[in-house]
A.B. asks: 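Okay, here's the structure, questions in a sec.
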2 protein chains.
Amino acid sequence: MSVDDAEALPERRRRRTDKRHTAGVKAVAAAAGVSLGTVSNVLNRPEVVSPLTRAKVEAAMAALGFVRNESARQLRAGSSRIIAYLMLDAGNPFFTDVAKGVEEAAQAAGLSVFLCNSNEDVDREADYLDLLEQQRVQGILITPIDQNSSRLRKLPSRGTPVVVVDRALDDTEHCSVAVNDVLGGELAISHLLELGHRLIAYVGGPNTIGQVLDRRDGARNALHKAERPATDLIELTTGALTVAEGRGAGQRLAGLPVDRRPTAAFCANDLLALGLLQQCVSLGLRVPEDLAIVGYDDIEYAEAAAVPLTSVRQPRQLLGRTAAELLLDESSNPDHEHQRVIFTPELVVRTSTRGTG
Amino acid sequence: MSVDDAEALPERRRRRTDKRHTAGVKAVAAAAGVSLGTVSNVLNRPEVVSPLTRAKVEAAMAALGFVRNESARQLRAGSSRIIAYLMLDAGNPFFTDVAKGVEEAAQAAGLSVFLCNSNEDVDREADYLDLLEQQRVQGILITPIDQNSSRLRKLPSRGTPVVVVDRALDDTEHCSVAVNDVLGGELAISHLLELGHRLIAYVGGPNTIGQVLDRRDGARNALHKAERPATDLIELTTGALTVAEGRGAGQRLAGLPVDRRPTAAFCANDLLALGLLQQCVSLGLRVPEDLAIVGYDDIEYAEAAAVPLTSVRQPRQLLGRTAAELLLDESSNPDHEHQRVIFTPELVVRTSTRGTG
DNA sequence: TCGGCGTGTTGAAACGTCTTAGCCGAGGAA
DNA sequence: TTCCTCGGCTAAGACGTTTCAACACGCCGA
């Protein structure tokens, strides 16, 4: 039995279980002729090691293709350099814009962002929360489906900071960042009233969504402030905030007798507004002459519609950025106090209410 | 010096460095009156531990709020239960749909997906690749900016499988999944030719993007096959694949003298097509009577446009699902062989070419 | 010559989990 | 009764990194 044979077996075994033959600090240290600690210093505090030694170590790392094992680092050091944003719906441009803001703030702080998509599924949200807690991420940003989830409540007390995005929580466990939707509704309706409209439709639903209700309340407020009767607001309830539902609402709207048909519509989001617009145009109504339309969110496609859409804009990136900054403060500042930030929306007027002038 | 004082100091020190007072396996074992190994067995092989012991351990875990430390698990076990999809642009609905397919396949295999957004930024792509490799994720799906990046090439040899999405690589290191863009271009132009159009515009750019070139080549092929002169294709080159550029192209198109103006346009993606549509309509052209339009990607908003858009649909979710499945095979099947899967696009005909009939 | 200092480097211990070999005791076969 | 088996559990390393007290060395001032 030769020496070769004696070594062949363990070698083969190593190969089978361990697909990654990545060199560790130990191998680098040996190759560079220094100790473990020195390699670690090169990695984490390069300034304390002499230029000569550092060069040797760096050469060894390059030669061996060394890749730091983050699991081990994190286990020992106790801290992760990652934050996560658990999104409600990655397909909705609103949330991807928020995510952009998050990334911006994280990058400035030297952290990385992992995006997770709960896709409006309660179970997936729960699974991701568990996973992220197990990963010991530095913190979690979330637009929750179920804000009262006990899982969500328990996270901060166990050491994972949580910031709630696009929902205002009345709770003392987390920070939250949101936009004033009631005010948004008021802006939209006030604008339409100023243009001389009397009968106005509110298109939105289902009424289980907080945002939908807030925007409707804002609409009612505006009417009230202008001393108009509440009956001037015709509510068309939809089953979801989608383009298809918008088309359905358009059908219903166009079918009303002319004397009872609103001359303007305020939609709870832009997708509804796009559907409404499309259906009304194809049924022969002119926008804005026969029907003025206001959307909500000001997504990119609102401007690209056949008739560019007047819409209530939310500061999406700012929302994400602020949320991330609150998270960073919470995880680094021992005197952190939870805050509830509420941003103000802004009306962007385009052709769908003002005409081509 | 009392006993209390003696213990106070280390206690305070622990608190300061270690914000998370999460109980570990050790604490659970103590609370349940069993050994470390038994707790680990409850976690990973519940069937080998007796029901009575298991119940005790589970009760202890619940009481202490035990959360497994995934870093430690991964360090010891050597494998992660996470795959990542490094997206080119999270704001583009095309990629979020691909991501949905990825999530679907991952969930079926019991894995979780982390989404990362390179945002078409080479540096961020590189940073994320490094990060993911350090995290020792089970594998990486990527729609790369720079397909020839050495970083990308080296990953598989170091043990992190990589699957390239929406790009066909001629390379032997990875699997790749893509869609036949040349064929897509042919479909679009053949459709327009069948409708009797002679002069056709191709709107797309910049010409550094592979997809843009492939679709153009497909368009030329179709013309060639129909024995039409190459000059029947008017190329309008844009600076990007955005709505704004589409509007610019519309302006240019509408400005052409009528006898030299194409009666149809094929756009390299839907955003361009939406911009083109909007501009042409607002300049008084009727769609499709004066100008027929075909887009590419069939994003949700294509159907929601003022004039629903004919578009070339790519099997987006299938793309993501297939890519994830290839990745899973590569990381679990020792006999894995790299593959290059190419899907076939499909033409979805709507009003923008066919009229309301 | 000596103590003291600062700069660079070392070695060993820890982080929390999984794994493996082995231990114990009960029950069955001889 | 003795021996063996087997299910259930324990104890003792790993895993790859960071940290920290200790150390070697050259230098200065006393």
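Here the structure is a predicted model, which is why all the values come from computation and not from measurement. First the proteins, then the strands, lettered A, B, ... as listed; each starts at 1. Only this structure's heavy atoms are used, side chains among them; waters, hydrogens and symmetry mates stay out.
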A.B. asks: Hey, what are the protein-to-nucleotides 25-28 of chain C N/O distances that come in under 3.5 Å?
C.D. replies:
none

A.B. asks: Classify A:Ser40 by what it touches in the nucleic acid, base, sugar-phosphate, or nothing, heavy-atom distance under 4.0 Å.
C.D. replies: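 Base: the residue A:Ser40, judged by heavy atoms under 4.0 Å, touches a nucleobase.
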A.B. asks: About how many Å separate CG of B:Asp89 and CD of B:Glu120, when rounded to the nearest 0.5 Å?
C.D. replies: 5.5 Å
A.B. asks: Any side-chain hydrogen bond (donor to acceptor under 3.5 Å, both in side chains) involving residues 39-49 of chain B? Give me the pairs, sequence neighbours left out, ordered by first then second residue.
C.D. replies: B:Ser40-B:Asn44, B:Asn41-B:Arg45, B:Asn44-B:Arg68
A.B. asks: Can you list every ring pair (Phe, Tyr, Trp, His ring centres under 6.0 Å) pair that touches residues 59-91 of chain B, not counting sequence neighbours?
C.D. replies: none
A.B. asks: In this structure, how many angstroms lie between the P atom of C:dG16 and the CZ atom of B:Arg68, rounded?
C.D. replies: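 Those two atoms, CZ and P, are 15 Å apart.
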A.B. asks: Return the residues of residues 27-38 of chain A meeting this criterion: a heavy atom under 4.0 Å from some atom of DNA chain C. Order them by number, or give none.
C.D. replies: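 By residue number: A:Val34, A:Ser35, A:Gly37, A:Thr38.
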A.B. asks: If the condition is side chain to side chain donor-acceptor pair (under 3.5 Å), which residues does A:Gln135 pass it with, not counting sequence neighbours?
C.D. replies: none
A.B. asks: Residues in side chain to side chain contact (heavy atoms under 4.5 Å, CB included) with A:Asp335, at least two apart?
C.D. replies: A:Asn333
A.B. asks: Measure from CZ on A:Arg54 to P on C:dT9 and round the result to the nearest Å.
C.D. replies: 10 Å
A.B. asks: Using only heavy-atom distances, decide whether a donor-acceptor pair under 3.5 angstrom links the side-chain of B:Arg76 to the base of D:dC15.
C.D. replies: no
A.B. asks: Going by side chain to side chain donor-acceptor pair (under 3.5 Å), name the residues that satisfy it together with A:Arg321, two or more places apart in sequence or in a different chain.
C.D. replies: A:Glu104
A.B. asks: Quick one: closest heavy-atom pair of A:Met61 and A:Leu43, and the distance?
C.D. replies: SD-CD1, 3.8 Å
A.B. asks: Which donor-acceptor pairs under 3.5 Å do the side chains of residues 111-119 of chain B make with protein atoms, sequence neighbours left out?
C.D. replies:
residue  : atom : partner  : partner atom : Å
B:Asn117 : OD1  : B:Ala90  : N            : 3.2
B:Asn117 : OD1  : B:Asn119 : N            : 3.0
B:Ser118 : OG   : B:Met87  : O            : 3.0

A.B. asks: Please write out each protein N/O paired with an N/O of nucleotides 4-6 of chain D under 3.5 Å, distance rounded to 0.1 Å.
C.D. replies:
none

A.B. asks: Residues two or more places apart in sequence or in another chain: which of them pass side chain to side chain donor-acceptor pair (under 3.5 Å) with A:Asp166?
C.D. replies: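 Applying side chain to side chain donor-acceptor pair (under 3.5 Å) to A:Asp166 gives A:Gln211.
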A.B. asks: To the nearest 10°, let me know how far the axis at one end of the helix from C:dT1-D:dA30 to C:dA30-D:dT1 is tilted from the axis at the other, five pairs an end.
C.D. replies: 60°
A.B. asks: Could you pull out all residues at least two apart from B:Arg124 that satisfy side chain to side chain donor-acceptor pair (under 3.5 Å)?
C.D. replies: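 Expected list: A:Glu103.
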